[in-house]
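Please read the structure below before turning to the comments.
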Amino acid sequence: MSDIRGTVDAVWRIEGAQVVATLARMTGDLGLAEDLAQEAVADALTQWPEAGVPRNAGAWLTAVAKRRAIDTWRRQERLQERYRTMAHDLTEAAEDEWQPIEDDMLRLVFTACHPVLSREAQVCLTLRVVGGLTSEEIARIMLVPVPTVQARITRAKKTLAASRVPFEAPEQTEWRDRLGGVLGVVYAVFTEGYAATSGQRWIRPDLANEALRLGRVLARLLPRESEVHGLVALMEFQASRFAARVAADGSPVLLADQDRSRWDRAQIRRGQAALARADQVGRGRGSYALQAALAECHAVARSVAETDWERIVLLYEALGRIAPSPVVELNRAVAVSMATGPASALRIVDQLSSAGTLRGSHLLPSVRGELLAQLGRTEEARSELVTAAGLASNEREAEVLRAKAADL
C-alpha cells in the first residue's frame, strides 16, 4: 500500500494542477473541481492496488472525476446541457488519447487573478492550485503565518463562486487589469521551482518548467507587452543554470562553484532575445526586465571574478526604486560586497536587520554571516550561519549553511 501511495503522490505532483484546471473549466467551480480531483485520488488509492496503475494515470484521474461531476449534476437535477456535453466528451476520450490542453492552465491562472480578489489572495490561490504547494510552503514564500494563507485561499474560493467568475481568458480590454497579478504568480511559481522553500530537493524543475511554459504562452498572446517578455527573459536566464545548480547527490552547488560549461547556452540566447523584445516594445525597463538584465550579467560572465558587479549594483538600485523590497536591498548588499568590499555591504545588511522586515527569514543571517567571515569576524560569522541554518526550511540549503559554519 505504501508503494501505491507513493505512486499516487507522484502522479498528483505531476498531473494534479492540469487535472484541476480541466475540471475547473468544465464545472465552472474551482472548489468543486478540487473536491472532485481529491475524490478521484481516493479512488485511485483503493482501486490501483488491485487493478494496477493505468498507463496514463492523469487521464484516469480526470475521467473518474468527470464521472463524479456527472453524478453530482444528475443528483441535483440541474445543468442538463452540461451533463450531455460532458458525457459525450467522456465516451470519446480514451486514456491513450489524453492530451493536456494548455489553455486550461492559463484560464485557471487568469481566474485566480480576477480583480475581485486581492493581490495576496491571487498569489495564494494560484500557488495552491497551479503550483500544488502546501499552505506551509506558501506561508514561507509570502512571510506570513499559515492560518493567514489558509484563510486567504478559503475566502478567495468563496469570492470567485459568489461572483460567478467564468473560467476563461478575459476579453482583451480586461487584460491590463489582471496582467500584473498573472505575471506575479507565474514568477512566484517559477521561484519555488528555482529554489524550493522546503523539503529535501533544492530545485523543483517541474514547477519552474510549467511557469516558463505559461510565460511563453503569454508572450505569444501579448507580443506588445514589454514586461511579459521581460519575465520570460528572466526565467530563461535562471533556468539555463539548472543543470549546474545541483550535485550528483542532490546537494546545492552555489554560483561561485558552478561549472559554467553546463549552463544551457541556447536558453541564454533565448533569454537575450526575449530581453531584446522587451526593450523593443517597452518605454524603459520594468521590474521583470531589470531582473532579467541582472540575470544576464551572470549568464554572460565567464566567472564570478569577471562578473560586472558595478553594473549589477546599478541595476539593483534601479530595481529598488521601482519595486522596493527588503530582498532586493539584501541582494544589492551582496553585489556591493563584490564591487566595493564587505564593510559597506554590512552596513546595508545591518540597516535591514534593524528594520526587522526580514525577521524569521534565513536570508539575512546567511548573508550577514558571509560578510562577517570576509571581515575576519569568525565567531560572529559562525553564529549567524548557524542561526540561518536553523531558520532554513529547505534541508539542502540548511546543510550548506551548517557546512559553511563548520568550515570557519
Side-chain angles (χ1 to χ4, degrees), residues 1-109 111-112 125-138 150 153-154 156-158 160-161 167 189 199 204 206-207 210:
M1 184 63 182
S2 59
D3 291 342
I4 287 293
R5 183 172 294 278
T7 299
V8 172
D9 288 344
V11 169
W12 181 253
R13 284 196 302 272
I14 296 168
E15 303 278 6
Q18 182 63 58
V19 172
V20 172
T22 300
L23 293 169
R25 173 176 58 84
M26 293 181 173
T27 64
D29 186 326
L30 178 57
L32 176 60
E34 288 194 301
D35 290 343
L36 292 169
Q38 289 301 317
E39 290 174 9
V41 169
D43 285 349
L45 289 171
T46 59
Q47 295 182 32
W48 290 4
E50 294 183 5
V53 179
R55 182 167 55 180
N56 194 324
W60 189 97
L61 291 174
T62 302
V64 169
K66 285 180 180 179
R67 293 190 186 99
R68 285 185 172 274
I70 292 172
D71 290 341
T72 299
W73 291 333
R74 181 187 293 130
R75 286 194 303 269
Q76 295 175 347
E77 298 180 353
R78 63 184 179 86
L79 301 179
Q80 293 303 310
E81 182 60 34
R82 187 172 290 178
Y83 163 73
R84 287 192 290 272
T85 301
M86 286 276 293
H88 176 71
D89 291 344
L90 191 57
T91 58
E92 290 189 343
E95 286 187 4
D96 293 341
E97 297 172 345
W98 165 262
Q99 292 292 331
I101 302 173
E102 286 189 354
D103 285 351
D104 281 351
M105 195 68 74
L106 195 57
R107 286 190 190 97
L108 190 58
V109 174
T111 300
L125 185 60
T126 308
L127 290 175
R128 164 63 64 81
V129 179
V130 177
L133 306 186
T134 66
S135 297
E136 289 77 11
E137 290 169 330
I138 298 170
Q150 294 169 335
I153 292 172
T154 300
K157 292 177 183 177
K158 291 180 178 178
L160 291 176
F167 281 78
V189 172
R204 297 177 62 178
D206 54 331
L207 284 181
E210 177 60 18

message: In the structure I gave you, are the side-chain heavy atoms of Thr154 and Lys158 within less than 4.5 Å of one another anywhere?
response: yes
Heavy-atom closest contact (Ala57 atom, Trp48 atom, distance): CB-CH2, 3.6 Å
task: Output, in order, the C-alpha distance, side-chain angles, deciding distance and verdict of side-chain contact (heavy atoms from CB on, under 4.5 Å) for Ile153 and Ile138.
output: CA-CA 11 Å; Ile153 292 172; Ile138 298 170; 4.3 Å; yes
query: What heavy-atom pair brings Val19 and Ala37 nearest, and what distance separates the two atoms?
result: CG1-CB, 4.2 Å
- prompt: From Arg67 CZ over to Leu36 CG, what is the distance, rounded to the nearest 0.5 angstrom?
  reply: 13.0 Å
- line: Heavy atoms of Ala44 and Pro49 approach each other most closely as O-CD, 3.7 Å
message: For Thr62 versus Thr22, what's the shortest heavy-atom pair and its separation?
response: CG2-CG2, 4.3 Å
query: Is it true that Glu34 and Arg128 make a salt bridge, defined as a side-chain N closer than 4.0 Å to a carboxylate O?
result: no
query: Can you name the nearest heavy-atom pair linking Gln150 to Ser135, along with the distance?
result: CG-OG, 3.4 Å
